[in-house]
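So the structure is just underneath, and the comments pick up after that.
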Amino acid sequence: MANNDNVSQLTDYDSLDPLREQYQESLITTPVLRQELREHHVALLCIDLQYLDAARGHGVFADSVQSGVPPEAQEYYFNRLEQTVLPNVRRLQDAFREQGLEVIHTRIRSLTHDGRDRSPGHKRLNLHAAPGSKDAEFVEQVAPVGDEIVLDKTASGVFNSTNLHYILRNLNISALFIVGVYSNECVSTAVRDACDLGFYVTLMDDATATVTPEMQKATITTIKDRYARVMTTDEAIREIKKVKEAS
């Protein structure tokens, strides 16, 4: 069976997961999550929306051949980013800001110009965004505003490579809405780590992207109703607005 993206319907096999109901009851549909939202213990976490990996002709895509990503995959990725993901992230940012809720940004950026402080993984990948470089800059459409928190990292996982956990506890945040790139790498790692640390996690499918529709579908299928609720941007914004009305 195939859907409009010509991707196999992995969700056909969801019913085979023996822990599906337990995950949903403890993490997804629990009344505690609704209470945390009503009490504004929620933040939007925006991951790696920067020139290094989310802008045509920059960073890892500066040399189309050297990037290792086929041209058709690059076209899919940037079309999804420009037409869907970045506009939706901005709408979510605006909704959170209007409610006075935290918008937190993380990006890949080294402490040093030669990148010697990077994680071994990023050194092996030759992934480096130096301080002050264009690659380290956020894409303007979804850049931080005012006093919003920015965390620099040099690894896939924001919880492993920054003090985000400490900051969220200080802010009394217990629920995270997560967006950004790549879905199957830094975003997925953040979702799983946040869930393991006890946060209630919501992922917006149409505010995340990776380089093929197959990897996007597989990532969402793996995460959905196990490590996070998965919503559309419209659904998330409606929920955030209801939270204010109920608070």
Side-chain angles (χ1 to χ4, degrees), residues 1-12 45-93 105-110 115 118-130 132-143 152-158 178-192 203-224 230 232-233:
M1 182 182 297
N3 64 10
N4 292 335
D5 289 332
N6 197 29
V7 177
S8 298
Q9 289 281 22
L10 297 177
T11 51
D12 290 350
L45 177 62
C46 307
I47 298 178
D48 297 351
L49 294 169
Q50 61 188 98
Y51 274 80
L52 178 69
D53 56 8
R56 292 181 192 264
H58 291 272
V60 297
F61 298 101
D63 185 320
S64 181
V65 175
Q66 288 293 325
S67 73
V69 180
E72 61 272 20
Q74 292 188 41
E75 195 61 24
Y76 160 78
Y77 173 64
F78 283 110
N79 284 340
R80 179 176 171 86
L81 265 180
E82 294 162 1
Q83 297 170 15
T84 303
V85 172
L86 294 177
N88 281 339
V89 170
R90 179 55 187 266
R91 291 173 58 217
L92 285 160
Q93 291 176 338
H105 308 259
T106 184
R107 64 179 166 187
I108 295 171
R109 193 180 81 155
S110 305
R118 290 173 294 165
S119 68
H122 276 198
K123 287 177 180 174
R124 287 194 291 268
L125 292 169
N126 196 27
L127 200 57
H128 176 44
S133 67
K134 189 68 177 179
D135 289 348
E137 292 183 13
F138 290 100
V139 175
E140 288 83 353
Q141 186 176 356
V142 293
D152 296 334
K153 64 186 177 72
T154 62
S156 177
V158 64
I178 298 180
V179 298
V181 298
Y182 300 138
S183 312
N184 59 317
E185 296 181 8
C186 296
V187 172
S188 176
T189 303
V191 168
R192 290 165 182 262
L203 180 72
M204 275 58 66
D205 183 2
D206 57 1
T208 63
T210 187
V211 294
T212 71
E214 290 82 4
M215 286 196 287
Q216 177 74 13
K217 185 75 173 181
T219 301
I220 296 300
T221 300
T222 301
I223 287 174
K224 183 178 181 180
V230 176
T232 66
T233 294

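Since the structure is predicted, the reported quantities are computational estimates derived from the model, not experimental observations.
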- Message: Exactly one of T154, L127, V60 should register a side-chain contact (heavy atoms from CB on, under 4.5 Å) with I108. Which one does?
- Response: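 Testing each of T154, L127, V60 against I108, the sole residue satisfying side-chain contact (heavy atoms from CB on, under 4.5 Å) is L127.
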- V181 and its side-chain contact (heavy atoms from CB on, under 4.5 Å) partner, picked from I47, V211, L81: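 Of the listed residues I47, V211, L81, the side-chain contact (heavy atoms from CB on, under 4.5 Å) partner of V181 is L81.
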- For residues Y182 and Q216, is any side-chain donor paired with an opposing acceptor at under 3.5 Å?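 Y182 vs Q216: no donor-acceptor pair found between side chains.
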- Message: I'd like to know if the side chain of D206 pairs up with that of T84 as donor and acceptor (distance under 3.5 Å, no hydrogens or angles considered).
- Response: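 No, no side-chain donor-acceptor contact under 3.5 Å.
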- Say whether, by atom type as modelled, one donor and one acceptor occur between the side chain of D135 and the main chain of A129 under 3.5 angstrom.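 It does not hold such a pair.
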- For the pair Q141 (side chain) and R90 (backbone), establish whether a donor and an acceptor sit closer than 3.5 Å, ignoring hydrogens and angles.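 Not confirmed, Q141 side chain does not pair with R90 backbone.
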- Message: As an exercise, state the distance from CZ of R56 to CG of N79, rounded to the nearest 0.5 Å.
- Response: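 Going from the CZ atom of R56 to the CG atom of N79 covers 5.5 Å.
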- What is the distance from atom OG of S133 to atom CD of Q50, rounded to the nearest 0.5 Å?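 Answer for the OG-CD pair, S133 versus Q50, is 8.5 Å.
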- Message: Under a 4.0 Å threshold between the charged nitrogen and the carboxylate oxygen, would D48 count as salt-bridged to K153?
- Response: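 Looking at K153 and D48, the cut-off is met.
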- Item | Salt bridge R109-E137, side-chain N to carboxylate O under 4.0 Å |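 Judged by the 4.0 Å cut-off on N to carboxylate O distance, R109 and E137 do not form a salt bridge.
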- Would a 4.5 Å heavy-atom cut-off, applied to side chains only, mark R107 and D152 as touching?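 Counting from C-beta outward, R107 and D152 do come under 4.5 Å.
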- Residue among K217, R80, K224 satisfying salt bridge (Lys or Arg N to Asp or Glu O under 4.0 Å) with D205: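 With D205 as partner, salt bridge (Lys or Arg N to Asp or Glu O under 4.0 Å) holds for just one option, R80.
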Which atom of [X] lies closest to which atom of [Y], heavy atoms considered:
| X | Y | answer |
| --- | --- | --- |
| V187 | G180 | CG2-C, 3.5 Å |
| V69 | F61 | CG2-CE2, 4.1 Å |
| A130 | A136 | O-CB, 3.6 Å |
| A209 | Y77 | CB-CE1, 4.0 Å |
| T222 | R192 | CG2-NH2, 3.2 Å |
| Y51 | F138 | CE1-O, 3.6 Å |

- Item | For R91, all residues meeting salt bridge (Lys or Arg N to Asp or Glu O under 4.0 Å), sequence neighbours excluded |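 D234.
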- Message: Exactly one of T210, T208, T219, T189 should register a side-chain hydrogen bond (donor to acceptor under 3.5 Å, both in side chains) with N184. Which one does?
- Response: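 Only match with N184 under side-chain hydrogen bond (donor to acceptor under 3.5 Å, both in side chains): T210.
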- Partner of S110 under side-chain hydrogen bond (donor to acceptor under 3.5 Å, both in side chains), chosen from H122, R118, H128: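 That would be H128.
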- Message: Run the side chain to side chain contact (heavy atoms under 4.5 Å, CB included) test on I223 and S188 for me, step by step, so that the C-alpha distance in whole Å, both residues' side-chain angles and the decisive distance to 0.1 Å come before the verdict.
- Response: CA-CA 8 Å; I223 287 174; S188 176; 4.0 Å; yes
- Give the C-alpha distance, both sets of side-chain angles, the deciding distance and a yes or no for side chain to side chain contact (heavy atoms under 4.5 Å, CB included) between Q93 and H105. CA-CA 11 Å; Q93 291 176 338; H105 308 259; 3.5 Å; yes
